[in-house]
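The figures that follow rest on heavy atoms only: side chains count, while hydrogens, waters and symmetry mates do not.
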Amino acid sequence: MKKNKQVIIALVIVFGLIAIMFTPIGTFVKSKVQDDSHIAGMEVDLKDSDYDIDLIGHNGAKNSNLLDFKNSGEVIFLNFWGSWCPPCVSEMPTIQKLYEAKGQKVKFVLVAIQDKPKVFNAFLEKNGYTMPVYEPNSPISNNMLPRVFPTTYILNKKGEIVLKETKTRDWNDKEINTLLDKLVAE
C-alpha cells in the first residue's frame with residue numbers, strides 16, 4: 001500500500017510538471033526564467049527614466065541624480081552594493097584601487113542598497129575607502145533595481161552600457177583598466 005502511494009505521488013508530480021510546461025501557466029514560467037537569464041546577461045535595455053534616481057552623497061560625494069551622471073559625457077563606473085553583502089565587501093578593495101588609479105578620469109558612483117548610512121559609512125571609514133558612495137532617495141525602477149549583488153555597470157561617454165557584471169570580480173585587473181582607458185580616450 002505504501003509503495004502504491006509513492007508511485008501515485010510520483011505520477012501526480014510528473015503529470016503536474018508536464019501540464020505546467022504545456023499550458024499558459026507553463027509559458028509564463030518559461031518566459032520568467034528566460035527573462036531573468038536575459039537580465040543577467042549583457043543585453044541591457046535601460047531608458048533614461050530608469051536612471052532618474054535622486055542620490056544622497058556620502059564619503060565626500062555631493063547629492064545628485066543618476067541620470068545627470070549618465071548624461072555627463074563622462075565614463076561611469078556604477079556599482080550597486082551593500083555593506084551587508086559578503087560578495088560586495090570582498091570586491092571593495094579592488095574598487096578602491098581602481099578608484100585611486102582612474103578616479104580623475106572616470107566617475108565612480110557606488111550606490112548602497114538596503115543599507116543604513118550609519119552602517120555603510122562606518123564600514124567605509126573602518127576600511128579607509130575614499131570612493132564616493134550614494135544612497136537612493138527616490139524609487140528605483142524594476143529595470144534598474146539589481147536582482148543580484150553586487151551589480152556593476154560601466155557606461156561610455158554616450159551613456160551606453162558597455163559592461164554589466166552581476167558577480168564579484170577584481171575590478172583593478174588589466175582587462176578593466178584597459179577598457180576604461182579605451183573608453184576615456186574615445
Side-chain angles (χ1 to χ4, degrees), residues 39-48 50-115 117 120-121 123-125 127-138 140-141 143-186:
I39 289 167
M42 248 318 285
E43 295 179 36
V44 180
D45 185 25
L46 296 173
K47 297 172 180 47
D48 277 357
D50 294 317
Y51 289 91
D52 189 12
I53 305 166
D54 291 326
L55 300 171
I56 298 172
H58 294 271
N59 216 26
K62 293 182 171 120
N63 295 356
S64 191
N65 186 290
L66 187 56
L67 185 57
D68 294 337
F69 285 114
K70 178 192 179 285
N71 294 330
S72 69
E74 297 180 79
V75 176
I76 307 295
F77 179 92
L78 172 61
N79 176 269
F80 291 94
W81 72 288
S83 64
W84 49 266
C85 162
C88 303
V89 168
S90 73
E91 72 178 6
M92 277 294 163
T94 68
I95 295 174
Q96 176 64 36
K97 287 179 185 170
L98 184 66
Y99 172 70
E100 290 167 1
K102 305 291 183 200
Q104 298 299 317
K105 299 175 185 175
V106 174
K107 287 287 182 195
F108 281 72
V109 182
L110 283 76
V111 181
I113 302 288
Q114 298 174 349
D115 217 336
F120 68 75
N121 281 319
F123 167 78
L124 296 168
E125 187 177 325
N127 291 288
Y129 296 140
T130 59
M131 58 265 195
V133 172
Y134 301 86
E135 67 175 305
N137 195 32
S138 61
I140 300 175
S141 74
N143 293 332
M144 180 62 84
L145 189 66
R147 286 156 179 75
V148 176
F149 289 90
T151 293
T152 305
Y153 298 92
I154 294 179
L155 286 70
N156 65 17
K157 291 179 180 179
K158 297 176 189 172
E160 301 164 332
I161 297 169
V162 295
L163 181 104
K164 178 184 179 188
E165 191 75 67
T166 57
K167 62 181 180 181
T168 302
R169 72 169 291 160
D170 176 355
W171 286 106
N172 195 36
D173 67 10
K174 184 177 179 180
E175 177 187 359
I176 295 300
N177 275 279
T178 302
L179 172 64
L180 291 176
D181 287 342
K182 177 182 172 223
L183 294 173
V184 167
E186 289 179 346

query: Can you tell me if Asn127 uses its side chain to pair, donor with acceptor, with the backbone of Tyr129 under 3.5 Å?
result: no
field: Residue pair Asn59 / Phe120, side-chain heavy-atom distance below 4.5 Å
entry: no
- prompt: Under 6.0 Å from the NZ atom of Lys157, do we count more than 12 heavy atoms belonging to anything else shown?
  reply: yes
- request: Mind checking the CD1-OG1 spacing from Ile161 to Thr152? Nearest 0.5 Å is all I need.
  value: 11.5 Å
- prompt: Is the NZ or CZ atom of Lys107 both under 6.0 Å from the centre of the six-membered ring of Phe69 and within 45° of that ring's axis?
  reply: no
message: For the backbone of Pro150 and the side chain of Asn79, can you confirm whether one donor and one acceptor N or O come within less than 3.5 Å of each other?
response: no
- prompt: Is there side-chain contact between Leu163 and Ile176, with heavy atoms separated by less than 4.5 Å?
  reply: yes
- prompt: Are any side-chain N or O atoms of Lys70 and backbone N or O atoms of Asp48, one a donor and one an acceptor, separated by less than 3.5 Å?
  reply: no
query: Does any non-hydrogen side-chain atom of Leu55 lie less than 4.5 Å from one of Val109?
result: yes
task: Give a yes or no on whether Gln104 atom CD has more than 12 heavy-atom contacts from other residues, nucleotides or ligands under 6.0 Å away.
output: no
task: Check Glu135 against Pro117 and note the closest heavy-atom contact, atom names and distance.
output: OE2-CG, 3.2 Å
- prompt: Between OH of Tyr99 and CE of Met92, what distance do you get to the nearest 0.5 Å?
  reply: 13.0 Å
- prompt: Quick one: are Val133 and Trp81 in side-chain contact, heavy atoms under 4.5 Å?
  reply: yes
query: So, Trp171 versus Glu91: side-chain donor-acceptor pair below 3.5 Å or not?
result: yes
- request: Output yes when a side-chain donor or acceptor of Asp115 lies under 3.5 Å from a complementary backbone atom of Ser83, and no otherwise.
  value: yes
field: Side-chain heavy-atom pair Leu66, Leu78 within 4.5 angstrom cut-off
entry: yes
- request: Inspect the contact between Lys102 and Asp181 and indicate whether a charged nitrogen and a carboxylate oxygen are less than 4.0 angstrom apart.
  value: yes
query: Under 4.5 Å between any side-chain heavy atoms of Leu180 and Lys105, yes or no?
result: no
- request: List the atom of Pro136, the atom of Ala112, and the distance in Å for their closest heavy-atom pair.
  value: CD-O, 3.3 Å
Validation row: Ile140, Ile113 side chains within 4.5 angstrom (heavy atoms): yes
query: Taking all non-hydrogen atoms of both residues, which atom of Pro87 and which atom of Ser90 are closest, and how far apart?
result: O-OG, 2.9 Å
- line: dist Ile53:CD1 -> Ser64:OG (nearest 0.5 Å) comes out at 11.5 Å
query: Rounded to the nearest 0.5 Å, how far does CD1 of Ile95 lie from CZ of Phe108?
result: 8.5 Å
task: Search all heavy atoms of Met144 against all heavy atoms of Asp50 and return the closest pair with its distance.
output: CB-O, 3.7 Å
- request: Enter the distance from Lys97:NZ to Asp173:CG here, rounded to the nearest 0.5 Å.
  value: 12.0 Å
message: Are there over 12 heavy-atom neighbours, none belonging to Glu100, within less than 6.0 Å of that residue's CD?
response: yes
- prompt: Without hydrogens or angle criteria, can the side chains of Asp52 and Asn65 be said to hold a donor-acceptor pair below 3.5 Å?
  reply: yes
Nearest-0.5 Å distance, OH of residue Tyr134 to CD1 of residue Ile56: 12.0 Å
field: Residue pair Thr130 / Gln96, side-chain heavy-atom distance below 4.5 Å
entry: yes
field: Heavy-atom pair of closest approach, residues Asn172 and Thr94
entry: CB-O, 3.6 Å
- prompt: Which heavy atom in Arg147 sits nearest to a heavy atom in Leu145, and how many Å separate them?
  reply: NH1-O, 3.2 Å
- request: Quick one: do Lys167 and Val148 satisfy side chain to side chain contact (heavy atoms under 4.5 Å, CB included)? Show the steps, please.
  value: CA-CA 8 Å; Lys167 62 181 180 181; Val148 176; over 6 Å; no
